[in-house]
Amino acid sequence: MVATRTDTGTRLANAILFPVVGLVLLAIAFSVALIVYTSRSADIAALNSERSLLKGSTNLQLELLAKEQEGAAVWDQSFFYSRPETLSTDWLDSNVGLWLFSNYGHDQAVILDIHGRPIYNSVRGKRHPVEETSGLLEDIEPLIAGVRARFIASFNRLPSGLYYIERPPSGFTRSLHETGMTVFEGVPALVSVTAIGPELKQFLSARRAPAVLISLKKLDPARLQGLAERSGVRGLRSVTDPDGAFASMELRDPRNAPIGYLVWQAQNPGSSILYGVGPVLFFLAATIAGLTGLVLYYTRQNTRRLAESEARAQHAALHDSLTGLANRDYFATSFREELASWQVGKGLLGVIYIDLDHFKDINDTLGHAAGDEVIREAARRLRVLVPEGATLARISGDEFALLLPGCESRERIEQMLKRIQDRFAVPMYIGGNHLHISLSVGAAIAPHDSLSMGELLRKADIALYSAKAGGRGRWAFFDACMEEHVRTRENLAHALREAITNNRLGVVYQPQTTIDGTKVLSVEALLRWTDAEMGVISPSTFVPIAEETGLINDLGLYVLRRACEDAAAWPHLGLAVNVSPTQFRHPRFIEDLRDTLEACGFEPSRLEIEVTESVFADNDIDILKILTQVQDMGVRVALDDFGVGYSSLSYLRRFPFDTLKIDRSFIADLEVAPHAHAILSTIIDLGEALGMKVVAEGIETRQQAMILQRTNCDRLQGFYLSRPVPSARIAEAEARLSGESQVAVSLRA
Ligand code: C2E
Ligand code: CA
Ligand code: CA
C-alpha cells in the first residue's frame, strides 16, 4: 500500500516532467532544424545565383567565340574561296584556320563545304586529315543543320528570279551562328558553328546552303580560371563525375547528351554563418538541455522525497507506533474492503478479537516499559501466525484484532485460534521475569453472524467478553445466547444508574474484631443492591459494570456518604470504605472526600479507605501524591486483597499503607495447603516489620480463627465472626460496646 503511494508520486512527477522535458527538447530540436534549414536555403539561393552567373559567363564566352569567328566567316573572300567553284583550302588555311588560332587561340577549326562535307581541318594551327572530324561533326550535327537551314531561309527572292542574301543584322555579331558545348581531347570545349557568308549583298541564281566554319575552344584550366573570375566562383574545375559535389553544373552537347560537369566551391554563406554561430548555438542548447536536466533531476528528487514522506505519514497514520502493526483505522478500512468484495464462494471471513489476560496487572506491577515489551512480544508472536491476506491490527492497549478472509470452514478458524493460544503457552522473558501471558479470544464469522462490519465487531467483542467471563485463556465463537448476557449487562448498568439516583442501594457493614474475636474495632462498608426485578445483585457483578460505564465515581461517593452518615452514630468504631481504582484516580477524589467528611462532620481519623494494587496503574508518582494527601487529611489507607497481585512486596516498600488486608484466599488455603500457615505468618510478620496493622479477612471457621490467634495478626474479619449486617445491627452492638460487652459473640448470635 505504502509502496504504491511512492510509485504514484513518481508516476505523477513523470507525468508532469516528461512532457515538459519533451517540449524543451522539441523546442531545441525545432530551433536547430530551423537554423539549419535557413542556412541551407541561403546556401541554395547563393548556389543558384552562382550557377546562373556561370551559365551566363559560359554563354558570353560562346558568343565571344562566334564573334571571333565573324572576322573570318563574314567576309566576301572566304565566301568566295569556300565555294565549290572557287575552292582554295590553302587560302582558307592561312586566312581562316591559322588566323583564328594565332589571333584567338581556337583549338580546332573545321570548314565544311556547301554540301556539308569537311574540306578543311586544323588543330592548333596544324592541318589534320579531314576524316578525323567525323566524330565531332556527328556530335554537333544539330548546330550545323541549324546554321545551314537558317542560312537558306535568309535568301530573299527578287522578281527577276535572282536571290540575294539579306545582310546579316548589325549588332554584337553579324554572323549567322549556332553555339554549344562538345568534347575536345576528352575535355569539354566551347563550339561555335558559323555560316560563311558575304560581307555585302550578293545576288545568286539559286538558294544554296553555306559553307560553315566550326571553331572549338577547349575549357583548359586557364580558360576555366577566366570563366571562374568572370562568374565570381572559386575553384572551378571540369569533371566527368560531380561525385555528389554541392556546386555543380551539367554540360550537354547539342544532341543533349551529357558530356561532363563543371564543379566549384560554393560560397555557402548560410553554412559559413552557421559555422560561425554554431558553437554559440550548441553551447546555448547544451546549457538549456543541462538546466532542464537539472530541473528534472531536482524535481524528481523532491517529488520522490515528498512521496516518501507522504508514504511515511500515511504509514504512521495507519500503523501502531509501538508494534508496527496496522491500527484501528487501517483495520476498519481493510474490513470494509473485504466485506465490499465478499461474495458466495469466497469462503468465510473471520473477525477475531484477541485480548491479553491480566495485562493491567502487568502494567501495574512491572511498570509501563515492561507492559510495552509484553505488547511488542505479543505482536511478534501473533504476526508470524498471520496467513497471507489476513490483517492483524492493534486496536487498543492490549487488544488485537485479526481479519481472516477466505477461510474454508469454521474449523479452519478454530485451528487458527488454537495455534494462537498454543503460541502463548511459552512464557515471555521480560525485564528479568518469566511471564505467563494468556490470551482470551473472541470470534465472529461472516456471513454466518452478519455481513455488516459494526455487527461483526460487536459480536466478536461479545464472544471475547464471554471467553473472558468463562475464565481467561479461552476462545469463544459468537453465539446468539451470548447476546442475552450482554443485554443483561446493559440492563444492569441502566438499572444501577437509576438505583444510584434514587438512593435505592443499601450499605451493610462487616465488623473487624480483635484477634480473639471478642471486641469489634471497626466495620467495613459493603454495598448491597436488591433490584425489584433482578433480585439481589452482588457488588462483584455490579462494581465492575460501574467501572466500565463511568458510574463508579457516583457509586463510590454514594457509599462514602451513606457510610459516614451511618457511622457518625458509632463513635467507638473505625470505618473502612472500599475505593475503586477509577474513583481513586478521579481528579476530584481528594476534594470529594474532604467535602463528604465535612458534610457529615465525620472525624477523618476514624476513616480508612481500602484500595487494591490495581490502583497503581498508570502514574505511580501521582498515586503516591494522592495517597499522601489522603493521609495528610488524617484518613488512613489500607491495601486490600494483599497477596494476589504480581509483586506485591514492592508496593509495601514504596507506599506507607496504614493497614494490610491479607486476601482471603490465603485463609482458605490454611486448612488444605501444607505451607499456607508459614506463608501467612511471613506476610503478617512483614506487615508488622513495616509498621502496618494486619487484617486477616475471610475467616469462615473456628479452626482458621484459632490458627490466626497464634500469629501476630492485629484484626480478624469474616463470616465466622460476623456476616456483613445492616447498620441497625451495628448500632445495637455499639450501644453494648459502650458497656464493654463482647460484641463479636453477640453479633454472631
Ligand atoms: P472486598 O473488599 O474484599 O470485600 C470483602 C468481601 O468478602 C465482601 O463481599 C464480603 O461479604 C466477603 N466476605 C466477608 N467475610 C467473608 C468470609 O468469611 N468468607 C467469604 N467467602 N467472603 C467473605 P461482597 O460484599 O460481595 O463484596 C465483594 C467485593 O465488592 C468487595 O471485596 C469489594 O471489592 C467490592 N465492593 C463491595 N462494596 C464496595 C463498595 O462500596 N465500593 C467499592 N469500590 N467496592 C465494593
Ligand atoms: Ca475491602
Ligand atoms: Ca478484600
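Order of listing sets the numbers, starting from 1, for every ligand and every atom in it.
Less than 4.0 angstrom separates some heavy atom of I699 from each of these atoms of ligand 1: 18 (O). Interface atoms of ligand 1 facing G718, defined by a heavy-atom separation under 4.0 Å, are 15 (N), 18 (O). If you number the atoms of ligand 1 from 1 as listed, the ones under 4.0 Å from a heavy atom of S580 come out as 44 (N). Under a 4.0 Å criterion applied to the non-hydrogen atoms of D641, ligand 1 contributes the atoms 3 (O). Per-residue contacts place V559 under 4.0 angstrom from the following atoms of ligand 1 (heavy atoms of the residue considered): 41 (O).
At a threshold of 3.0 Å, the Ca ion (ligand 2) has a backbone or side-chain N, O or S atom of D640 nearer than that distance. Among the atoms of D641, no N, O or S atom is found under 3.0 Å from the Ca ion (ligand 2). Note on D663: not counted as a metal contact of the Ca ion (ligand 3), no N/O/S atom lying under 3.0 Å. At least one N/O/S atom of E697, from backbone or side chain, sits under 3.0 Å from the Ca ion (ligand 3).
Proximity annotation for atom 5 (C) of ligand 1: of E697, K661, R562, Q704, E697 comes nearest, heavy atoms only. The residue from V577, L721, L526 that puts a heavy atom closest to atom 10 (C) of ligand 1 is L526.
The proximity of L555 to ligand 1, defined as any non-hydrogen pair under 4.0 Å, does not occur for either the backbone or the side chain.
Between Y429 and H434, the angle of the ring planes lies from 30° to 60°, which puts this pair in the tilted group.
Annotation: atom 19 (N) of ligand 1 to nearest protein heavy atom, E700 OE2, 2.5 Å. R664 NH1, 2.7 Å is the protein heavy atom nearest to atom 7 (O) of ligand 1. Scanning the protein for heavy atoms near atom 24 (P) of ligand 1, the closest one is P539 CG, 3.6 Å. The shortest contact between atom 15 (N) of ligand 1 and any protein heavy atom is with Q510 NE2, 2.8 Å. Of the protein's non-hydrogen atoms, S540 OG, 3.6 Å is the one closest to atom 28 (C) of ligand 1. Nearest protein heavy-atom contact of atom 46 (C) of ligand 1 is N578 CB, 3.9 Å.
For atom 34 (O) of ligand 1, no protein heavy-atom neighbour is found at a distance under 4.0 Å.
Distances between N or O atoms of L527 and those of ligand 1 include at least one value under 3.5 Å. Ligand 1 has no N or O atom lying under 3.5 Å from any N or O atom of Q717, backbone or side chain. In terms of polar-atom proximity, defined here as any N/O pair under 3.5 Å, Y720 makes no such contact with ligand 1. Considering backbone and side-chain N/O atoms, F719 comes within less than 3.5 Å of an N/O atom of ligand 1.
Residues P427 and R381 approach most closely at O-NH2, 3.3 Å, considering heavy atoms. Across F589 and V630, no two heavy atoms sit closer than the pair CE2-CG2, 4.0 Å.
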field: Test log, rule side chain to side chain donor-acceptor pair (under 3.5 Å), inputs S438 and D357
entry: CA-CA 6 Å; S438 62; D357 294 332; 2.6 Å; yes

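Taking 4.0 Å as the cut-off between side-chain N and carboxylate O, D372 and R376 do not count as a salt-bridged pair. The pair R562-E565 does not count as a salt bridge, with every side-chain nitrogen at least 4.0 angstrom from each carboxylate oxygen. No salt bridge links E591 with R594; every basic N to acidic carboxylate O contact stays at or beyond 4.0 Å. One finds a salt bridge joining K661 and E524 here, because a Lys/Arg side-chain nitrogen approaches an Asp/Glu carboxylate oxygen to under 4.0 Å. Using a 4.0 Å cut-off between charged nitrogen and carboxylate oxygen, K693 and E608 do not count as a salt-bridge pair.
For the side-chain contact (heavy atoms from CB on, under 4.5 Å) criterion with V374, the lone passing option out of D398, L366, I430 is I430.
Here the side chain of D320 pairs no donor or acceptor atom with the backbone of R394 at under 3.5 angstrom. Side-chain atoms of E700 never come within 3.5 Å of backbone atoms of G718 as a donor-acceptor pair (strictly under, hydrogens ignored). R606 places a side-chain N or O within donor-acceptor distance of the main-chain N or O of W570, the cut-off being under 3.5 Å. Counting only distance, with no hydrogens or angles, the side chain of E732 and the backbone of R729 share no donor-acceptor pair below 3.5 Å.
Annotation: side chain of I667 is not in contact with side chain of I707 (no heavy-atom distance under 4.5 Å).
Taking 4.0 Å as the cut-off, P724 counts as a neighbour of ligand 1 on heavy-atom distance. Judged by the shortest distance from any of its heavy atoms, Q583 lies outside the 4.0 Å radius around the atoms of ligand 1.
Atom CZ of residue R383 and atom CG of residue L392 lie 7.5 Å apart, to the nearest 0.5 angstrom.
Nearest N/O/S atom of E610 with respect to the Ca ion (ligand 2) is recorded as OE1. For the Ca ion (ligand 2), the nearest N, O or S atom contributed by E524 is named OE2.
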